[in-house]
Amino acid sequence: MKRVVVTDATFPDVTKEEVAARAAGAIFERHACKTADDVAAAIKGADVAVVQFAPLTRPAIAGMAPGGTAIRYGVGYNNFDVPALNDYGIKAAYVPDYCTAEVADHTAASILALLRKLPALDASVRKGDWAAVGIAKPLKSFAETTVGFLGFGRIAQEVATRLAPFGFQFLAHDPYFTGSFRRLTLTDLSTLLAQSDALTLHAPATPATTGIINAVNLRKMKPSAVLVNTARGDLVDEAALARALTDGIIGGAALDVFQTEPLPADNPLRAAPNLLLGPHAAWYSDVAVERLQSLVADEITRALTGQGVRKAVPGSTA
């Protein structure tokens with residue numbers, strides 16, 4: 001009998017996934033794995049492994065049933081050893097499209113809040129200071145403000161669509177984007193950094209992009225510029241950003257993703273000024289959670305009935 005294992009999930013229940021597995025005649029198990037060893041033990045011999053945050057490593061993959069499928073709850077797949085999945089002929093699926101609107105909404109809201117200096121204005125009122133002009137200055141109108149995109153894929157385009165009615169100008173650096181967008185100019189990275197009043201990150205974490213927002217590149221930005229990251233924590237050198245905010249190298253930032261999550265108590269970002277922090281929540285809405293689990297349940301059905309995956313992890317070949 002085939003076996004489906006959920007290694008870890010933060011959802012209240014996994015009923016949809018269990019129903020899909022049992023409808024196809026499979027055994028269903030839910031675990032609370034945290035370490036690579038936990039995962040390896042849980043999925044040994046499994047035909048389908050459904051993973052949220054736990055690491056799916058080569059030893060664990062080697063123990064799966066031949067021709068199995070690994071499914072990632074979510075957009076990213078950094079916790080998957082993709083070369084190992086390919087080596088062992090394990091299919092790899094993920095769900096990149098369940099929360100596009102939510103992340104775009106969160107990103108756009110962060111950009112607007114930072115550009116209108118809402119955190120600083122809120123803090124000034126709480127301190128008893130009513131000098132709005134002094135707190136907010138400098139403050140451009142949106143029509144003379146440039147929003148820059150590092151990466152201009154699906155989510156970035158949705159962010160731009162939400163921001164377009166405000167009259168912003170747009171810059172983007174993305175070697176893979178070949179389309180067009182109203183008021184968008186494609187440019188090189190140095191120009192993007194130098195000319196953006198708000199820089200929003202929408203790139204995957206790769207060897208080329210990891211740490212791309214570092215001390216050198218932060219100094220290329222305007223002192224009044226703000227940074228938003230709802231993409232991948234590894235894009236940002238967190239210590240460098242904390243120093244840049246403290247020293248006034250840039251004007252502010254909003255982060256919803258981090259190199260280590262939850263954010264460690266001693267991370268310097270916790271003490272940095274002009275910074276909005278989120279607990280990796282940009283993806284969230286009640287509808288998004290239901291959509292994610294429904295799409296994963298559909299992938300389980302496809303895996304158990306011999307169909308190809310709906311969304312294959314980039315780079316996977318099985």
Side-chain angles (χ1 to χ4, degrees), residues 104 106-127 129-152 156 159-160 162-174 183-203 211-231 235-257 268-278 282:
H106 192 102
T107 305
S110 298
I111 291 169
L112 294 172
L114 289 173
L115 288 175
R116 288 298 305 173
K117 303 200 174 174
L118 299 189
L121 293 172
D122 173 83
S124 72
V125 172
R126 294 178 188 279
K127 291 188 299 185
D129 188 349
W130 206 255
V133 173
I135 295 295
K137 189 176 181 178
L139 187 65
K140 288 183 174 182
S141 70
F142 285 170
E144 59 178 357
T145 298
T146 297
V147 176
F149 295 84
L150 180 58
F152 202 66
V159 173
R162 284 154 173 73
L163 295 178
F166 291 96
F168 293 109
Q169 302 299 311
F170 300 125
L171 287 176
H173 175 63
D174 187 334
R183 297 196 299 272
L184 174 71
T185 301
L186 295 174
T187 190
D188 59 87
L189 178 60
S190 292
T191 301
L192 180 78
L193 294 166
Q195 295 187 7
S196 295
D197 296 296
L199 176 63
T200 178
L201 309 183
H202 298 279
I212 193 168
I213 303 302
N214 53 31
V216 172
N217 282 336
L218 284 163
R219 288 190 173 276
K220 294 179 181 178
M221 296 174 65
K222 299 178 181 180
S224 58
V226 298
L227 173 75
V228 174
N229 188 15
T230 57
L235 300 177
V236 176
D237 179 332
E238 293 174 349
L241 176 60
R243 288 193 299 271
L245 291 167
T246 301
D247 295 344
I249 302 301
I250 65 169
L255 305 177
D256 189 57
V257 289
L269 290 171
R270 288 183 177 272
N274 302 317
L275 176 61
L276 289 175
L277 299 174

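Since this is a predicted model, take the numbers as computed values, not measurements.
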CA sep, side-chain torsions, deciding dist, call: L150, L189, side-chain contact (heavy atoms from CB on, under 4.5 Å): CA-CA 8 Å; L150 180 58; L189 178 60; 4.0 Å; yes

message: With a 3.5 Å distance limit and no angle check, can you tell me whether R219 reaches the backbone of I249 through a side-chain donor-acceptor pair?
response: no

field: side-chain contact (heavy atoms from CB on, under 4.5 Å) between I213 and N229, worked out
entry: CA-CA 10 Å; I213 303 302; N229 188 15; over 6 Å; no

- prompt: Just how far is it from atom CZ of R126 to atom CG of L121, taken to the nearest 0.5 Å?
  reply: 12.0 Å

query: Does S190 have any side-chain contact (heavy atoms from CB on, under 4.5 Å) partners at least two apart in sequence or in another chain, and if so, which?
result: D188, K220

- prompt: Tell me the salt bridge (charged side-chain N to carboxylate O under 4.0 Å, His left out) pairs involving residues 236-250, sequence neighbours left out?
  reply: none

- request: If the plane angle is over 60° it's perpendicular, under 30° parallel, otherwise tilted; pick one for F152 and F149.
  value: perpendicular

- request: Take the angle between the ring planes of F168 and F142 and call it parallel below 30°, perpendicular above 60°, tilted in between.
  value: tilted

- prompt: What heavy-atom pair brings S196 and L171 nearest, and what distance separates the two atoms?
  reply: OG-CD1, 4.4 Å

query: Just wondering, do L276 and L255 contact through their side chains at under 4.5 Å, heavy atoms?
result: no

Polar side-chain atom of T145 near backbone of S141 as donor-acceptor pair, under 3.5 Å: yes

query: Are side-chain heavy atoms of L227 and L241 found at a separation under 4.5 Å?
result: yes

Can you give me every donor-acceptor pair (side chain of residues 109-120, partner residue at least two apart or in another chain, under 3.5 Å) with its distance?
residue	atom	partner	partner atom	Å
S110	OG	H106	O	2.9
K117	NZ	A136	O	2.9
K117	NZ	P138	O	2.7

- prompt: Closest approach of A203 and L235, non-hydrogen atoms and distance?
  reply: O-CD1, 3.5 Å

task: Report the C-alpha separation of L269 and L275 in whole Å, then their side-chain angles, then the decisive distance to 0.1 Å, and conclude whether the side-chain contact (heavy atoms from CB on, under 4.5 Å) test is met.
output: CA-CA 8 Å; L269 290 171; L275 176 61; 3.9 Å; yes

message: One pair to check against side-chain contact (heavy atoms from CB on, under 4.5 Å): T230 and V159. What are the steps and the verdict?
response: CA-CA 11 Å; T230 57; V159 173; over 6 Å; no

- prompt: Under 6.0 Å from the CZ atom of R270, do we count more than 12 heavy atoms belonging to anything else shown?
  reply: yes

